[in-house]
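Down below is the structure, laid out as C-alpha coordinates.
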Amino acid sequence: MQRPAIFISASFALLGCLAAQTASKSPQTPAGIPRTADGKPNFTGIYEWPKSTGDQCECSATIFDAKSIGALKPGGEPFFEKPTGDPRHDEPRDFCMPAGFPSGMLAAYAIQIFQSKNYFVLIHEFQRMSRVVPLDGRKHRNELEPSFYGDPIGHWEGDTLVIETTNFKRWSLDDHFYNNPNESRMHSDALRTIEHIRWKDAKTLSYLLTIDDPKIFSAPWSQEFTIKARPDWEPTGLMEYECQENNRCPGGHCQGK
Amino acid sequence: MKNPIPLSLFLTVLVAAPLAQAHHSFASEFDLNKKVKVTGVVTKLEWQNPHIWYYVDVKNEDGSMTNWAFSGSSPIQLMRRGIHKDVLAPGTIITVEGYQAKDGSHNGGGSKVTFQDGRSVFTTVADDPNEKK
(Lines give C-alpha, C1' and ligand atoms only; values in the text may rest on other atoms or scores of the structure.)
Protein backbone atom coordinates (compact mmCIF):
# COMPACT_ATOMS: atom_id res chain seq x y z
CA MET A 1 0.00 0.00 0.00
CA GLN A 2 2.97 2.25 0.43
CA ARG A 3 3.81 2.37 -3.23
CA PRO A 4 0.61 4.17 -4.39
CA ALA A 5 0.97 6.73 -1.59
CA ILE A 6 4.54 7.42 -2.63
CA PHE A 7 3.46 7.58 -6.25
CA ILE A 8 0.70 10.06 -5.40
CA SER A 9 3.04 12.15 -3.30
CA ALA A 10 5.63 12.11 -6.02
CA SER A 11 2.99 13.01 -8.59
CA PHE A 12 1.82 15.99 -6.59
CA ALA A 13 5.41 17.09 -6.14
CA LEU A 14 5.97 16.79 -9.87
CA LEU A 15 2.78 18.70 -10.65
CA GLY A 16 3.79 21.38 -8.20
CA CYS A 17 7.17 21.62 -9.81
CA LEU A 18 5.61 21.85 -13.31
CA ALA A 19 3.17 24.50 -12.12
CA ALA A 20 6.00 26.51 -10.65
CA GLN A 21 7.95 26.15 -13.87
CA THR A 22 4.92 27.20 -15.90
CA ALA A 23 4.27 30.20 -13.68
CA SER A 24 7.85 31.34 -14.03
CA LYS A 25 7.91 30.63 -17.74
CA SER A 26 7.26 34.18 -18.82
CA PRO A 27 8.74 34.97 -22.22
CA GLN A 28 12.33 36.09 -22.17
CA THR A 29 12.73 39.69 -23.21
CA PRO A 30 15.42 40.05 -25.85
CA ALA A 31 18.32 42.28 -24.97
CA GLY A 32 18.59 45.74 -26.40
CA ILE A 33 14.90 46.47 -26.94
CA PRO A 34 13.83 50.11 -26.70
CA ARG A 35 12.44 51.18 -23.34
CA THR A 36 10.60 54.21 -22.07
CA ALA A 37 11.90 56.44 -19.29
CA ASP A 38 9.94 54.41 -16.74
CA GLY A 39 11.51 51.17 -17.97
CA LYS A 40 8.60 49.74 -19.92
CA PRO A 41 9.22 48.22 -23.36
CA ASN A 42 8.72 50.97 -25.90
CA PHE A 43 6.64 50.01 -28.92
CA THR A 44 6.54 53.50 -30.43
CA GLY A 45 7.26 53.19 -34.13
CA ILE A 46 5.97 52.03 -37.51
CA TYR A 47 5.22 48.40 -38.24
CA GLU A 48 3.77 46.02 -40.77
CA TRP A 49 0.46 44.35 -40.04
CA PRO A 50 0.25 41.08 -38.08
CA LYS A 51 1.31 38.13 -40.19
CA SER A 52 0.95 34.43 -39.60
CA THR A 53 2.64 31.51 -41.21
CA GLY A 54 -0.54 29.48 -41.60
CA ASP A 55 -3.14 29.13 -44.30
CA GLN A 56 -3.84 32.47 -45.89
CA CYS A 57 -6.20 33.82 -48.47
CA GLU A 58 -4.94 35.47 -51.63
CA CYS A 59 -6.16 38.80 -50.40
CA SER A 60 -5.09 41.91 -48.68
CA ALA A 61 -5.25 40.80 -45.08
CA THR A 62 -4.04 38.15 -42.73
CA ILE A 63 -6.72 35.71 -41.61
CA PHE A 64 -6.87 33.26 -38.75
CA ASP A 65 -5.47 29.83 -39.46
CA ALA A 66 -8.19 27.20 -39.51
CA LYS A 67 -6.14 25.04 -37.16
CA SER A 68 -6.04 27.82 -34.56
CA ILE A 69 -9.78 28.32 -34.40
CA GLY A 70 -11.39 26.64 -31.42
CA ALA A 71 -14.25 24.16 -31.28
CA LEU A 72 -17.71 25.53 -31.94
CA LYS A 73 -20.08 25.49 -29.02
CA PRO A 74 -22.93 23.02 -29.55
CA GLY A 75 -26.10 25.04 -30.04
CA GLY A 76 -24.15 28.28 -30.12
CA GLU A 77 -24.59 31.20 -32.46
CA PRO A 78 -23.52 30.45 -36.03
CA PHE A 79 -19.87 31.13 -36.79
CA PHE A 80 -20.20 30.82 -40.55
CA GLU A 81 -22.66 33.02 -42.39
CA LYS A 82 -23.74 32.61 -46.00
CA PRO A 83 -23.88 35.54 -48.41
CA THR A 84 -27.39 36.75 -49.10
CA GLY A 85 -26.73 38.54 -52.39
CA ASP A 86 -27.26 41.87 -50.68
CA PRO A 87 -23.90 43.63 -50.85
CA ARG A 88 -24.74 45.59 -47.72
CA HIS A 89 -24.66 42.26 -45.93
CA ASP A 90 -22.02 40.46 -47.93
CA GLU A 91 -19.34 43.17 -47.99
CA PRO A 92 -20.30 46.25 -45.96
CA ARG A 93 -16.89 47.78 -46.69
CA ASP A 94 -18.14 48.37 -50.22
CA PHE A 95 -20.13 51.11 -48.52
CA CYS A 96 -17.10 52.25 -46.55
CA MET A 97 -18.39 50.62 -43.40
CA PRO A 98 -15.65 49.86 -40.87
CA ALA A 99 -13.69 46.65 -40.89
CA GLY A 100 -13.94 46.45 -37.10
CA PHE A 101 -11.62 44.63 -34.74
CA PRO A 102 -9.90 42.24 -35.10
CA SER A 103 -10.49 42.16 -38.87
CA GLY A 104 -9.15 45.67 -39.52
CA MET A 105 -6.07 45.02 -37.42
CA LEU A 106 -5.09 42.25 -39.82
CA ALA A 107 -5.37 44.35 -43.00
CA ALA A 108 -2.18 44.58 -45.04
CA TYR A 109 -1.29 48.19 -44.31
CA ALA A 110 1.14 49.99 -42.06
CA ILE A 111 0.58 50.46 -38.34
CA GLN A 112 1.94 53.29 -36.24
CA ILE A 113 2.14 53.05 -32.45
CA PHE A 114 2.49 55.86 -29.95
CA GLN A 115 2.97 55.06 -26.31
CA SER A 116 2.93 57.03 -23.07
CA LYS A 117 2.59 56.09 -19.44
CA ASN A 118 -1.18 56.26 -19.52
CA TYR A 119 -2.05 55.51 -23.15
CA PHE A 120 -1.15 53.11 -25.92
CA VAL A 121 -2.35 54.47 -29.26
CA LEU A 122 -2.37 52.34 -32.39
CA ILE A 123 -3.21 53.86 -35.76
CA HIS A 124 -3.76 51.54 -38.68
CA GLU A 125 -3.41 52.87 -42.20
CA PHE A 126 -6.41 50.85 -43.39
CA GLN A 127 -9.51 52.99 -42.89
CA ARG A 128 -7.26 55.07 -40.58
CA MET A 129 -8.39 52.83 -37.74
CA SER A 130 -7.36 54.30 -34.40
CA ARG A 131 -7.37 52.46 -31.11
CA VAL A 132 -6.75 54.46 -27.94
CA VAL A 133 -5.99 52.10 -25.09
CA PRO A 134 -5.93 53.53 -21.56
CA LEU A 135 -3.20 52.08 -19.37
CA ASP A 136 -4.21 53.94 -16.20
CA GLY A 137 -6.12 51.13 -14.53
CA ARG A 138 -9.62 52.26 -15.44
CA LYS A 139 -12.42 49.76 -15.93
CA HIS A 140 -14.38 49.10 -19.12
CA ARG A 141 -17.01 51.67 -20.02
CA ASN A 142 -19.93 49.32 -19.80
CA GLU A 143 -22.50 52.04 -20.30
CA LEU A 144 -21.51 52.47 -23.96
CA GLU A 145 -23.34 50.95 -26.88
CA PRO A 146 -21.56 48.02 -28.54
CA SER A 147 -19.19 49.16 -31.27
CA PHE A 148 -17.15 47.89 -34.21
CA TYR A 149 -13.85 48.29 -32.38
CA GLY A 150 -14.98 47.61 -28.82
CA ASP A 151 -13.72 49.14 -25.62
CA PRO A 152 -10.07 48.40 -24.90
CA ILE A 153 -8.14 48.72 -21.65
CA GLY A 154 -4.53 47.74 -21.14
CA HIS A 155 -2.06 46.82 -18.45
CA TRP A 156 1.48 45.53 -18.19
CA GLU A 157 2.42 41.99 -17.22
CA GLY A 158 6.18 42.24 -16.94
CA ASP A 159 7.45 43.24 -20.38
CA THR A 160 4.21 42.23 -22.08
CA LEU A 161 1.43 44.71 -22.82
CA VAL A 162 -1.97 43.09 -22.35
CA ILE A 163 -5.05 44.66 -23.96
CA GLU A 164 -8.53 43.41 -23.18
CA THR A 165 -11.34 44.61 -25.43
CA THR A 166 -15.06 44.07 -24.90
CA ASN A 167 -18.42 45.48 -25.99
CA PHE A 168 -18.42 44.64 -29.69
CA LYS A 169 -21.18 44.56 -32.27
CA ARG A 170 -21.65 41.27 -34.08
CA TRP A 171 -19.43 41.63 -37.16
CA SER A 172 -17.10 39.81 -39.50
CA LEU A 173 -14.18 38.20 -37.64
CA ASP A 174 -11.69 38.32 -40.50
CA ASP A 175 -11.31 38.33 -44.29
CA HIS A 176 -11.93 34.62 -44.66
CA PHE A 177 -14.74 35.39 -47.14
CA TYR A 178 -12.22 36.68 -49.65
CA ASN A 179 -10.79 33.21 -49.77
CA ASN A 180 -14.17 31.53 -49.69
CA PRO A 181 -16.93 33.77 -51.06
CA ASN A 182 -19.50 31.26 -49.88
CA GLU A 183 -19.13 32.10 -46.21
CA SER A 184 -18.07 34.76 -43.74
CA ARG A 185 -16.66 34.02 -40.31
CA MET A 186 -18.51 36.05 -37.70
CA HIS A 187 -17.95 36.96 -34.08
CA SER A 188 -20.82 37.61 -31.70
CA ASP A 189 -21.57 40.58 -29.46
CA ALA A 190 -20.13 38.56 -26.58
CA LEU A 191 -16.64 38.72 -28.09
CA ARG A 192 -13.81 39.54 -25.72
CA THR A 193 -10.34 39.82 -27.21
CA ILE A 194 -7.07 39.72 -25.34
CA GLU A 195 -3.88 40.88 -27.03
CA HIS A 196 -0.43 40.11 -25.64
CA ILE A 197 2.22 42.31 -27.26
CA ARG A 198 5.92 41.91 -26.58
CA TRP A 199 9.24 42.18 -28.34
CA LYS A 200 10.12 38.81 -29.85
CA ASP A 201 13.47 40.03 -31.05
CA ALA A 202 14.98 43.43 -31.69
CA LYS A 203 13.01 43.87 -34.96
CA THR A 204 9.85 41.86 -34.39
CA LEU A 205 6.87 41.95 -32.08
CA SER A 206 5.02 38.88 -30.92
CA TYR A 207 1.30 39.51 -31.17
CA LEU A 208 -0.76 36.88 -29.40
CA LEU A 209 -4.46 37.39 -30.06
CA THR A 210 -7.00 35.50 -27.99
CA ILE A 211 -10.62 35.16 -29.07
CA ASP A 212 -13.03 34.55 -26.22
CA ASP A 213 -16.52 34.35 -27.67
CA PRO A 214 -18.68 32.15 -25.44
CA LYS A 215 -21.74 32.47 -27.69
CA ILE A 216 -19.84 30.74 -30.51
CA PHE A 217 -16.89 28.78 -29.12
CA SER A 218 -16.61 26.20 -26.36
CA ALA A 219 -13.47 27.83 -25.01
CA PRO A 220 -11.17 30.76 -25.77
CA TRP A 221 -8.54 30.18 -28.43
CA SER A 222 -5.45 32.03 -29.52
CA GLN A 223 -3.11 32.56 -32.42
CA GLU A 224 0.31 34.13 -32.34
CA PHE A 225 1.23 36.52 -35.15
CA THR A 226 4.42 38.43 -35.77
CA ILE A 227 4.61 42.15 -36.47
CA LYS A 228 7.73 43.39 -38.17
CA ALA A 229 9.14 46.82 -37.26
CA ARG A 230 9.63 49.01 -40.32
CA PRO A 231 11.76 51.99 -39.28
CA ASP A 232 12.46 52.47 -43.00
CA TRP A 233 8.80 53.55 -43.34
CA GLU A 234 9.29 56.35 -40.79
CA PRO A 235 10.24 59.00 -43.37
CA THR A 236 7.02 58.38 -45.31
CA GLY A 237 4.86 57.87 -42.25
CA LEU A 238 1.26 56.82 -42.57
CA MET A 239 -0.53 57.67 -45.79
CA GLU A 240 -4.15 58.67 -46.13
CA TYR A 241 -6.91 56.16 -46.70
CA GLU A 242 -10.18 57.96 -47.30
CA CYS A 243 -12.69 55.39 -48.43
CA GLN A 244 -15.21 57.86 -49.80
CA GLU A 245 -12.67 59.64 -51.98
CA ASN A 246 -13.38 57.62 -55.10
CA ASN A 247 -15.51 54.72 -54.02
CA ARG A 248 -16.73 53.24 -57.27
CA CYS A 249 -18.60 50.47 -55.53
CA PRO A 250 -21.63 52.29 -54.16
CA GLY A 251 -24.46 49.83 -53.94
CA GLY A 252 -21.88 47.10 -53.88
CA HIS A 253 -21.43 47.18 -57.64
CA CYS A 254 -18.01 48.33 -58.72
CA GLN A 255 -17.96 50.29 -61.95
CA GLY A 256 -15.55 52.75 -63.49
CA LYS A 257 -16.35 55.88 -65.50
CA MET B 1 14.08 57.43 -67.88
CA LYS B 2 11.76 58.95 -65.36
CA ASN B 3 10.82 56.74 -62.39
CA PRO B 4 11.99 53.47 -63.83
CA ILE B 5 10.27 50.39 -62.49
CA PRO B 6 12.62 48.65 -60.08
CA LEU B 7 14.00 45.32 -61.17
CA SER B 8 12.55 43.75 -58.03
CA LEU B 9 9.05 44.53 -59.27
CA PHE B 10 9.83 43.01 -62.60
CA LEU B 11 10.94 39.86 -60.89
CA THR B 12 7.65 39.50 -59.04
CA VAL B 13 6.12 38.63 -62.37
CA LEU B 14 7.71 35.25 -61.97
CA VAL B 15 5.59 34.62 -58.90
CA ALA B 16 1.95 33.58 -59.08
CA ALA B 17 -0.34 36.59 -59.32
CA PRO B 18 -2.64 37.19 -56.40
CA LEU B 19 -6.22 37.65 -57.46
CA ALA B 20 -8.10 39.45 -54.79
CA GLN B 21 -8.17 43.04 -53.74
CA ALA B 22 -8.77 45.06 -50.66
CA HIS B 23 -12.03 46.69 -49.72
CA HIS B 24 -14.36 44.97 -52.10
CA SER B 25 -14.65 41.31 -52.65
CA PHE B 26 -13.03 40.45 -55.94
CA ALA B 27 -15.07 37.30 -56.37
CA SER B 28 -18.35 39.13 -55.94
CA GLU B 29 -17.57 41.71 -58.60
CA PHE B 30 -15.43 40.02 -61.18
CA ASP B 31 -15.84 36.68 -62.86
CA LEU B 32 -12.83 34.46 -62.35
CA ASN B 33 -13.95 32.48 -65.40
CA LYS B 34 -13.89 35.55 -67.61
CA LYS B 35 -10.24 36.28 -68.11
CA VAL B 36 -9.45 39.29 -70.23
CA LYS B 37 -6.23 40.37 -71.87
CA VAL B 38 -6.36 43.64 -73.74
CA THR B 39 -3.79 46.04 -75.13
CA GLY B 40 -4.39 49.73 -75.52
CA VAL B 41 -3.61 53.26 -74.50
CA VAL B 42 -4.21 54.57 -70.98
CA THR B 43 -6.75 57.39 -71.29
CA LYS B 44 -7.26 58.25 -67.64
CA LEU B 45 -5.94 57.31 -64.23
CA GLU B 46 -7.79 57.75 -60.95
CA TRP B 47 -5.02 57.33 -58.41
CA GLN B 48 -7.32 57.57 -55.43
CA ASN B 49 -8.61 55.61 -52.47
CA PRO B 50 -10.02 53.15 -51.88
CA HIS B 51 -8.89 51.68 -55.23
CA ILE B 52 -7.11 53.01 -58.25
CA TRP B 53 -9.02 52.87 -61.52
CA TYR B 54 -7.37 53.15 -64.88
CA TYR B 55 -9.01 53.39 -68.26
CA VAL B 56 -7.68 51.92 -71.46
CA ASP B 57 -8.78 52.54 -75.05
CA VAL B 58 -8.73 49.20 -76.82
CA LYS B 59 -9.19 48.91 -80.57
CA ASN B 60 -11.59 46.19 -81.59
CA GLU B 61 -11.24 43.97 -84.64
CA ASP B 62 -13.91 45.97 -86.49
CA GLY B 63 -11.96 49.16 -85.94
CA SER B 64 -14.22 50.52 -83.22
CA MET B 65 -12.81 51.53 -79.86
CA THR B 66 -13.79 50.31 -76.40
CA ASN B 67 -12.77 52.10 -73.25
CA TRP B 68 -12.11 49.54 -70.53
CA ALA B 69 -12.11 50.46 -66.83
CA PHE B 70 -9.85 48.45 -64.56
CA SER B 71 -9.82 48.48 -60.78
CA GLY B 72 -6.60 47.95 -58.88
CA SER B 73 -5.33 48.12 -55.36
CA SER B 74 -5.26 51.18 -53.10
CA PRO B 75 -2.62 53.81 -53.87
CA ILE B 76 -1.10 53.21 -50.44
CA GLN B 77 -0.48 49.54 -50.98
CA LEU B 78 0.93 50.13 -54.45
CA MET B 79 3.20 52.94 -53.28
CA ARG B 80 4.57 50.81 -50.44
CA ARG B 81 5.47 48.29 -53.10
CA GLY B 82 7.28 50.96 -55.07
CA ILE B 83 4.61 51.40 -57.75
CA HIS B 84 3.81 55.05 -58.39
CA LYS B 85 1.20 56.67 -60.56
CA ASP B 86 3.72 57.58 -63.23
CA VAL B 87 3.71 53.99 -64.47
CA LEU B 88 0.10 54.34 -65.60
CA ALA B 89 0.30 57.85 -66.99
CA PRO B 90 -2.23 58.61 -69.75
CA GLY B 91 -0.76 57.89 -73.14
CA THR B 92 1.12 54.82 -71.96
CA ILE B 93 0.55 51.70 -74.03
CA ILE B 94 -0.11 48.73 -71.79
CA THR B 95 -1.41 45.20 -71.85
CA VAL B 96 -3.77 44.40 -69.00
CA GLU B 97 -4.56 40.91 -67.83
CA GLY B 98 -7.47 40.62 -65.47
CA TYR B 99 -11.01 39.50 -64.99
CA GLN B 100 -14.15 40.98 -66.48
CA ALA B 101 -17.09 42.21 -64.42
CA LYS B 102 -19.80 39.66 -63.83
CA ASP B 103 -22.34 41.86 -65.55
CA GLY B 104 -20.38 41.63 -68.80
CA SER B 105 -19.62 45.33 -68.88
CA HIS B 106 -16.21 46.65 -69.85
CA ASN B 107 -15.15 46.89 -66.23
CA GLY B 108 -12.57 44.58 -64.82
CA GLY B 109 -10.20 43.73 -62.06
CA GLY B 110 -6.80 44.52 -63.48
CA SER B 111 -4.25 42.06 -62.23
CA LYS B 112 -1.10 42.36 -64.30
CA VAL B 113 0.05 45.25 -66.43
CA THR B 114 2.77 44.70 -69.02
CA PHE B 115 4.55 47.57 -70.70
CA GLN B 116 5.87 47.69 -74.23
CA ASP B 117 9.40 46.95 -73.10
CA GLY B 118 8.24 43.71 -71.48
CA ARG B 119 8.37 44.81 -67.89
CA SER B 120 5.33 44.09 -65.74
CA VAL B 121 3.73 45.12 -62.48
CA PHE B 122 0.79 43.86 -60.53
CA THR B 123 -1.88 46.40 -59.82
CA THR B 124 -3.79 44.14 -57.47
CA VAL B 125 -3.01 43.73 -53.83
CA ALA B 126 -0.25 41.50 -52.76
CA ASP B 127 1.45 40.74 -49.59
CA ASP B 128 5.01 40.46 -50.67
CA PRO B 129 4.63 37.20 -52.63
CA ASN B 130 8.16 36.26 -51.81
CA GLU B 131 7.27 36.21 -48.14
CA LYS B 132 4.27 33.98 -48.58
CA LYS B 133 4.73 30.62 -46.95
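It should be emphasised that the depicted structure is a prediction, and the values quoted were computed from it without experimental measurement. Naming: A, B, ... by sequence-line order, numbering from 1 per chain.
- A distance of 10.0 Å separates CD of A:Glu245 from CD of B:Glu46, quoted to the nearest 0.5 Å.
- Note that the CG atom of A:Asn247 and the NE2 atom of B:His51 stand 7.5 Å from one another [nearest 0.5 Å].
- Rounding to the nearest 0.5 angstrom, the gap separating the CZ atom in B:Arg80 from the CH2 atom in A:Trp233 is 5.0 Å.
- Other residues, nucleotides and ligands contribute only 12 or fewer heavy atoms inside 6.0 Å of the NZ atom of B:Lys59.
- Legend: residues meeting side chain to side chain contact (heavy atoms under 4.5 Å, CB included) with A:Ser206, ordered by chain and number and at least two apart, are A:Arg198, A:Lys200, A:Glu224.
- The 12-atom threshold is exceeded at NZ of B:Lys44, counting heavy atoms of other residues, nucleotides or ligands nearer than 6.0 Å.
- Put simply, CZ on A:Arg248 and CD on B:Gln48 are 8.0 Å apart, with the number rounded to the nearest 0.5 Å.
- For the atom pair OG of B:Ser74 and CE of A:Met239, the computed distance is 8.0 Å after rounding to the nearest 0.5 Å.
- For the residue pair B:Trp53 and A:Gly256, the shortest heavy atom distance occurs at CZ3-N, 3.4 Å.
- Comparing B:Asn107, B:Ile52, B:Ile76, B:Asn67 by heavy-atom pairs within less than 4.5 Å of chain A, the highest count is held by B:Ile76.
- For A:Glu242 and B:Asn49, the side-chain atoms include no donor-acceptor pair closer than 3.5 Å.
- For B:Lys37, the side chain to side chain contact (heavy atoms under 4.5 Å, CB included) criterion is met by B:Thr95, B:Glu97, not counting sequence neighbours.
- With hydrogens and angles ignored, the 3.5 Å screen pairs a side-chain donor or acceptor of B:Gln77 with a backbone N or O of A:Ala108.
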